[in-house]
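The structure under discussion appears below in the form of structure tokens.
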Amino acid sequence: MATPNELLAQIADVGVDGKRGGYSRHVFDRAEHELRDWFTEQARARGMEVNTDANANLWAWWGEPGPDAVVTGSHLDSVPGGGALDGPLGVASSLAALDRLRAEGVRPRRPLAVTVFAEEEGGRFGVPCLGSRLLAGTIDPDRVRELRDPTGVGFAEAMRSAGLSPEGLGRDDEALSRIGRFVELHVEQGRGLVDRQRPVAVASSILAHGRWRFRFEGQGDHAGTTPMDDRRDPMLPASHLVLAARQAAAGVEGARATAGRMVPTPGGTNVVASTVDVWLDVRSPFEERTRELVLALSETARARAADEGCRVEITEESWADTVSFDAALRDNLTEVLDGAPALPTGAGHDAGVLAARTPSAMLFVRNPTGISHAPEEHAEPDDCAEGAVALARVLEHLTEGERS
Ligand code: GLV
Ligand code: MN
Ligand code: MN
């Protein structure tokens, strides 16, 4: 019977980012391919049948695939330079929970599957939760096929080079109809559990969130010969936008706005940039508030761009409504887990996408610092082990497992 940390130790060397620190594991790259192989091997070693669906998600079935299944799992890709747990903890804990159920002689009375969703972070193609959105039919597959990574490689091409066909991308009613309940275990990405002195929580909600690209266009020029009053420098409105985002979000309760990525072109120290791309990630508890914030920031961006003789083009790259997890399922899991607290989160998840189609829930494992999307992300091994025990109890309950 493996613990989550024993399983995570097996992939500790995969996708280590020597430059940024932490892990860079992106959909269809070598590291992610290795992780898929690792998962397949682990699931097969447990006698599970493994397949990849038309949207590049992996499915491992304990027994015959069938309707009204209880599905658990998470993702194996990361943000650039991410931590070891965001995603992989949920996958490792699913396998560890299955081991526990078997060791305890529990036989599920409903089909049980572990899934690994593709491109949850949007770390390569910019749109998060692609695998689950495609499956659920909440994103146009033609749009996905056209997405490009920062080096210009298209999604369809990357999928083909990973040995998969992009032809069948899109809503998968057969797979959807099988999911009776979905439960995702995840490392907590805040300090809610530290304050409550509990190792495991149940999720209550997810903020409404999205990503927008602001492309500022000016005139590339010489840094030494272009007088200061004769410039159209897109770095100026771009920088204003970064400052305005902090200020605007600070004025809206529970809101967050982040410029985590800014790319000047051509990017020379002695060059006035010709274009600057800034990606904004904006979130808040309410859909309207999130959209109002983005509208206000768009106006600021346009005004500042005009002041500098620049143009700005704004593109919405992704959007996710506020998620309130199924209240009955949440309360049920709280009861199974002896009154585990219910916590909201600002992070997006595949469970949030699936919540629009099927009753879904999440378990969070305590993170002592709350740090996530960074190499310092951590959870104590004892807490991870408790998380897997909690997941096993939840799976036993939801599959109406029989003990022999
Ligand atoms: C995913 O982790 C997100 O919320 O960006
Ligand atoms: Mn993440
Ligand atoms: Mn995640």
Side-chain angles (χ1 to χ4, degrees), residues 25-29 32-33 35-36 39-40 49-61 65-77 87 90-91 111 113-149 152-184 206 208-213 315-321 323 326 348-360:
R25 299 159 162 173
H26 296 137
V27 70
F28 308 137
D29 75 3
E32 202 243 8
H33 194 80
L35 293 174
R36 284 171 180 264
F39 173 76
T40 302
E49 191 188 305
V50 185
N51 58 64
T52 306
D53 70 17
N55 296 308
N57 306 308
L58 288 165
W59 294 81
W61 289 90
D68 213 15
V70 176
V71 180
T72 186
S74 190
H75 60 100
L76 290 170
D77 65 308
V91 176
V114 180
T115 183
V116 176
F117 284 110
E119 180 70 322
E120 192 268 357
E121 298 288 5
R124 181 166 180 188
F125 291 100
V127 182
C129 297
L130 271 186
S132 54
R133 284 181 202 249
L134 283 161
L135 171 86
T138 55
I139 193 165
D140 178 358
D142 285 337
R143 183 184 161 215
V144 175
R145 278 186 273 264
E146 296 301 316
L147 290 172
R148 305 216 158 257
D149 75 6
V153 176
F155 188 91
E157 181 188 346
M159 195 170 174
R160 271 194 210 97
S161 52
L164 300 168
S165 163
E167 306 307 324
L169 288 177
R171 184 177 166 121
D172 186 341
D173 284 314
E174 199 184 322
L176 278 174
S177 70
R178 284 190 185 141
I179 314 173
R181 299 272 185 284
F182 180 68
V183 183
E184 178 173 2
I206 298 180
H209 61 286
R211 300 178 182 187
W212 291 262
R213 189 194 69 189
T315 311
E316 180 176 303
E317 294 197 335
S318 74
W319 172 256
D321 287 343
V323 174
D326 186 276
H349 297 285
D350 296 306
V353 173
L354 290 183
R357 295 275 180 265
T358 191
S360 300

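What you are looking at is a predicted structure, and each value in this text was computed from that prediction instead of being measured.
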Between Arg178 and Trp59, is there a side-chain heavy-atom distance shorter than 4.5 Å?
no

I'd like to check Val27 versus Leu130 (side-chain heavy atoms, cut-off strictly below 4.5 Å). Are they in contact?
no

Can you pull out every ring pair (Phe, Tyr, Trp, His ring centres under 6.0 Å) where at least one residue sits in residues 121-141? Sequence neighbours excluded, please.
Phe125-Phe155

Got a sec, which residues hit side chain to side chain donor-acceptor pair (under 3.5 Å) with [X], two or more places apart in sequence or on another chain?
X	answer
Asp321	Trp319
Ser74	Glu184
Asn57	Asp53
Asp149	Arg124, Thr151

Taking only residues two or more places apart in sequence, or in another chain, which ones meet [X] in a salt bridge (Lys or Arg N to Asp or Glu O under 4.0 Å)?
X	result
Glu121	none
Arg160	Glu167
Glu49	none
Arg357	none

To check you understand the geometry: which heavy-atom pair defines the closest contact between Ala54 and Leu169, and what is its length?
O-CD2, 3.4 Å

Indicate the atoms forming the closest heavy-atom contact of Asp350 with Ser132, along with that distance.
OD1-OG, 2.6 Å

To the nearest 0.5 Å, how far apart are CG in Leu176 and CG in Leu135?
4.5 Å

Exactly one candidate in Asp68, Val70, Val71 meets side-chain contact (heavy atoms from CB on, under 4.5 Å) with Ile179; the answer is Val71

Of the options Arg36, His33, Glu119, which is the one that meets Phe28 in a side-chain contact (heavy atoms from CB on, under 4.5 Å)?
Arg36

Could you tell me whether a side-chain N or O of Arg25 sits under 3.5 Å from a main-chain N or O of Leu76, the two making a donor and an acceptor?
no

Mind checking side chain to side chain contact (heavy atoms under 4.5 Å, CB included) for Thr315 and listing every partner two or more places apart, or none if nothing turns up?
Arg213, Glu313

With Arg133, which residues qualify under side chain to side chain contact (heavy atoms under 4.5 Å, CB included), at least two apart?
Val127, Pro128, Cys129, Thr138, Ile139, Ser318, Ala320, Val353

Who are the ring-ring contact (aromatic ring centres under 6.0 Å, His included) partners of His349, not counting sequence neighbours?
His186

